[in-house]
Amino acid sequence: MRALELLAPAKNLACGIAAIDHGADAVYIGAPSFGARAAAGNSIDDIHSLCNYAHQFGAKVYVTLNTIIYDDELEQLQQLVLSLTDVGVDAILVQDMSLLELCPSTLPLHASTQTDNRTAEKVRWLQDVGFSRAVLARELSVDEIAAIHQEVPEMELEVFVHGALCVSYSGICYASQYCFRRSANRGECAQFCRMKFSLFDANGMEIEHERYLLSLKDMNQSENLLELIEAGASSFKIEGRLKDVPYVKNVTAAYSEKLNEIVRRYPDKYCRASFGQCVYSFKPDLRRTFNRGYTSYFAHGRQSDIASFDTPKAIGEFVGTVKEIRHDSFNVAGVSSFTNGDGLCFLNADRQFEGLRANRVVGNRIYPYRMPKGLRPGMSLFRNNDQEFERILSKPSAQRKIPVSMSLRATEDGFSLYATIHHQTCSVKISQEHQIAQKSPRENIIRQLTKLGDTIYTCSEVEIPSDFNFFIPNSVLSEMRRLLVDQLCQLKLTHDSGSIPLRGRNEISSPDDPYPYLYNISNHLSQKFYNAEGLTAYELNGGDGPLMQCRHCIRYSLGYCVRRGGKHPEWKEPLYLQLGDGRRFQLEFDCKNCQMNVYA
């Protein structure tokens, strides 16, 4: 039976706890430093608290140390790793190969998507050097994931299923470093891909004027989970380590329900990787949470609608069509209801998104704080800030409980109470005189033993022999219950076999790559690991290759990929992207590999 892991982001301790409460089997969180989101660092004490909370449910905590490391940081990094090991983290996400030497051999290492994991050869190599899991590139299709799993069946495969998309393959995007001296490989991405560009051809003809040509929609694989599972993926990752608690609650709950449905359909094949059942006080709905519009990306091959050329911001859910406009208000044709304070937006005649806030709502008539100039009847209206949904999610909105079955037995000098969770059993025994009950004690015994209150357990059944007819005082039943809960808290709930790959088993030869800076070697331990003298990271030495390698193709998205039935372009290549300040970037269309490269 394969355990399925829903992996949720944790901006901080509160987000991590919310993720666990709403159904995550694991969370990933940034350490005080060296994480790929520099703005999402957390203290060791908070990570320790999150580990303690998650481990009650058999859930795991992974810490992101997935930046490149400089030589003068290695000692600090090693101390950090030792501290994380001491507080019980379950794995480290790694980009820099120096961590293979710095981490204890007992600490599992996951190869972050920043190590550019898109082929079976790369994944096999990662397994050989000691990684227990590879986080695959977001761009891979279901078929490509299945091929990797078939070639490297013992390697755990983690796939992204939801959230923001980087336009370049992760780990080999240097645009932010080149333009702003803010390295994505150091956790400081300046979001170059969310900027406006004009598109010019070799003769200077403007093809597109100031559009978001590299900005992608958000990923949503909620309808493809079973296919990803059957392809061999075992961990399903939600992007969003800068997202707040309401986002984490809603998206985690939505995907947890999807995975539970699959487990119910195939109980002999799959189970969840952690324990506990969640009850929600809201209906999870991915449309009502921050999104730039959704795409399944390359799950089923190349699609034409993966980009969001008109805005890099949240669009939200479609809520109706503008009907009648007055000087201070307008009404909406549709079935959605609105709340004072809702954030709404629309695409105007100039293909620019305009936003407004509902100052007052009367039925389907909306009175904005200020009437937008570009609003016209017939325009589609979207809600990108749902006040009522945010209000619900700002309060306690889920309860996660682990079902426990209990069994009561009489012993020679008292009673024994047993509890079972997932084939693990604990028990307490208490000495107590046997007194024959005057009436059936069964109802009272069950009522007292199932009073588990604010613990994380809920009693699914109490099994009592049919001939059991002893009176047990409530105080004794309460003491047995308390002692049993203490025993339950000591159980280590896990599906794991506990095996960790050996590290460094194979000799690492010198890389042979036309762009050697792609290896991101930034310290002597990584240099030693690769045995590759003279190779350094782009951040240290620069490089003459592409700033970005993208599966997204502007030519295809504009309908001009002749190989796929598009129109024959009238422009002269090469094409150039141009920022508002005049800086230009040449595009290379590598049709053999169906890839677009961006050069300085």
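Residue numbers run from 1 in the order of the sequence given.
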Is there a side-chain contact between R186 and I68, using heavy atoms and a 4.5 Å cut-off? yes
Using atom types as modelled and distance alone, determine if a side-chain donor or acceptor of Q303 lies under 3.5 Å from a backbone N or O of G301. yes
Taking the six-membered ring of Y212, is the NZ or CZ of R194 close enough (under 6.0 Å from the centre) and on axis enough (within 45°)? no
From CA spacing to verdict: side chain to side chain contact (heavy atoms under 4.5 Å, CB included), S380, F318: CA-CA 7 Å; S380 294; F318 172 75; 3.7 Å; yes
Could you tell me whether a side-chain N or O of T455 sits under 3.5 Å from a main-chain N or O of Y457, the two making a donor and an acceptor? yes
Does F57 have any ring-ring contact (aromatic ring centres under 6.0 Å, His included) partners at least two apart in sequence or in another chain, and if so, which? Y53
Side chains of R2 and K269: closer than 4.5 Å at any heavy-atom pair? no
Pairwise side-chain contact, I445 with L408, heavy-atom cut-off 4.5 Å (strictly under): yes
Between Q387 and F338, is any pair of side-chain heavy atoms under 4.5 Å apart? no
dist L136:CG -> L228:CG (nearest 0.5 Å) comes out at 10.0 Å
Short question: side chain of S274, backbone of G58 - any donor-acceptor pair under 3.5 Å? no
May I ask you to decide whether R133 forms a salt bridge with E156, counting only side-chain N to carboxylate O separations under 4.0 Å? yes
Contact summary for L65 and L99, nearest pair of heavy atoms: O-CD1, 3.6 Å
Could you tell me if S397 and H22 have a donor-acceptor pair between their side chains, going purely by distance under 3.5 Å? yes
Could you report the tightest heavy-atom contact between G30 and I47, atom names first, then the distance? O-CD1, 3.9 Å
How would you list, by chain and number, every residue that makes a salt bridge (charged side-chain N to carboxylate O under 4.0 Å, His left out) with D486, sequence neighbours excluded? R482
Give me the atom names and distance for the closest heavy-atom approach of C345 to A314. SG-O, 4.4 Å
Apply side chain to side chain contact (heavy atoms under 4.5 Å, CB included) to the pair V135 and F160, showing each step before the final yes or no. CA-CA 8 Å; V135 186; F160 284 88; 3.7 Å; yes
When rounded to the nearest 0.5 angstrom, what distance separates CG in N291 from CE in M219? 14.0 Å
Under the side-chain hydrogen bond (donor to acceptor under 3.5 Å, both in side chains) rule, collect the residues that match up with N117, sequence neighbours excluded. T115
Could you tell me how the ring of F275 sits relative to the ring of H422: parallel (under 30°), tilted (30 to 60°) or perpendicular (over 60°)? tilted
Could you tell me which non-hydrogen atom of A10 sits nearest to which non-hydrogen atom of I29, and how far apart they are? O-CG1, 3.5 Å
Would you say the side-chain atoms of S308 and S215 include a donor-acceptor pair closer than 3.5 Å? no
Does the pair R272/E5 count as a salt bridge with the N-to-O cut at 4.0 Å? no
Could you check whether R118 makes a cation-pi contact with Y169, meaning its NZ or CZ is under 6.0 Å from the centre of the six-membered ring and within 45° of the ring axis? yes
Please determine whether side chain to side chain contact (heavy atoms under 4.5 Å, CB included) holds for the pair I148 and T119, giving the CA-CA distance in whole Å, both sets of side-chain angles, and the decisive distance to 0.1 Å. CA-CA 7 Å; I148 291 173; T119 66; 5.8 Å; no
Does atom CD (Q399) have a neighbourhood of more than 12 heavy atoms from anything else shown, all under 6.0 Å? no
Mind checking the OG1-CE spacing from T450 to M406? Nearest 0.5 Å is all I need. 7.5 Å
Roughly how far apart are N364 CG and S337 OG, rounded to 0.5 Å? 11.0 Å
So how far is it from N385 CG to F290 CZ, rounded to the nearest 0.5 Å? 11.0 Å
Main chain of R287, side chain of D285: is a donor-acceptor contact present, judged purely on distance under 3.5 Å? yes
Least distance between heavy atoms, A24 atom then T252 atom: N-CG2, 3.6 Å
Stepwise side chain to side chain contact (heavy atoms under 4.5 Å, CB included) check, I229 with Y266: CA-CA 12 Å; I229 291 167; Y266 304 98; over 6 Å; no
The side-chain contact (heavy atoms from CB on, under 4.5 Å) partner of L6 among V251, L259, L225, V27 is L259
Look up atom NZ in K11 and atom CG in L242, then write down how far apart they are to the nearest 0.5 Å. 7.0 Å
Mind checking whether N224 and H300 have side chains closer than 4.5 Å, heavy atoms only? yes
Minimal heavy-atom distance between A164 and D218, with the atoms involved, is CA-OD1, 3.6 Å
Would you call R400-D21 a salt bridge at under 4.0 Å N-O? no
E390: salt bridge (charged side-chain N to carboxylate O under 4.0 Å, His left out) partners, not counting sequence neighbours: none
Which pairs, with at least one residue in residues 223-260 and sequence neighbours excluded, count as a ring pair (Phe, Tyr, Trp, His ring centres under 6.0 Å)? H162-Y255
Heavy-atom count check: over 12 atoms from other residues, nucleotides or ligands less than 6.0 Å from K313 NZ? no
For H110, what residues pass the ring-ring contact (aromatic ring centres under 6.0 Å, His included) criterion, not counting sequence neighbours? Y62
Whether the D45 and S43 side chains hold a donor-acceptor pair (N or O, under 3.5 Å, no angle test) is what I'd like checked. no
Would you indicate whether the side-chain heavy atoms of C459 and L452 approach each other to under 4.5 Å? yes
What I want to find out is whether E388 reaches R391 closely enough, with some N-O distance under 4.0 Å, to be called a salt bridge. yes
Is a donor on one side and an acceptor on the other found under 3.5 Å between the side chain of D90 and the backbone of V61? yes
Check: K451 main-chain N/O paired with R481 side-chain donor or acceptor under 3.5 Å: yes
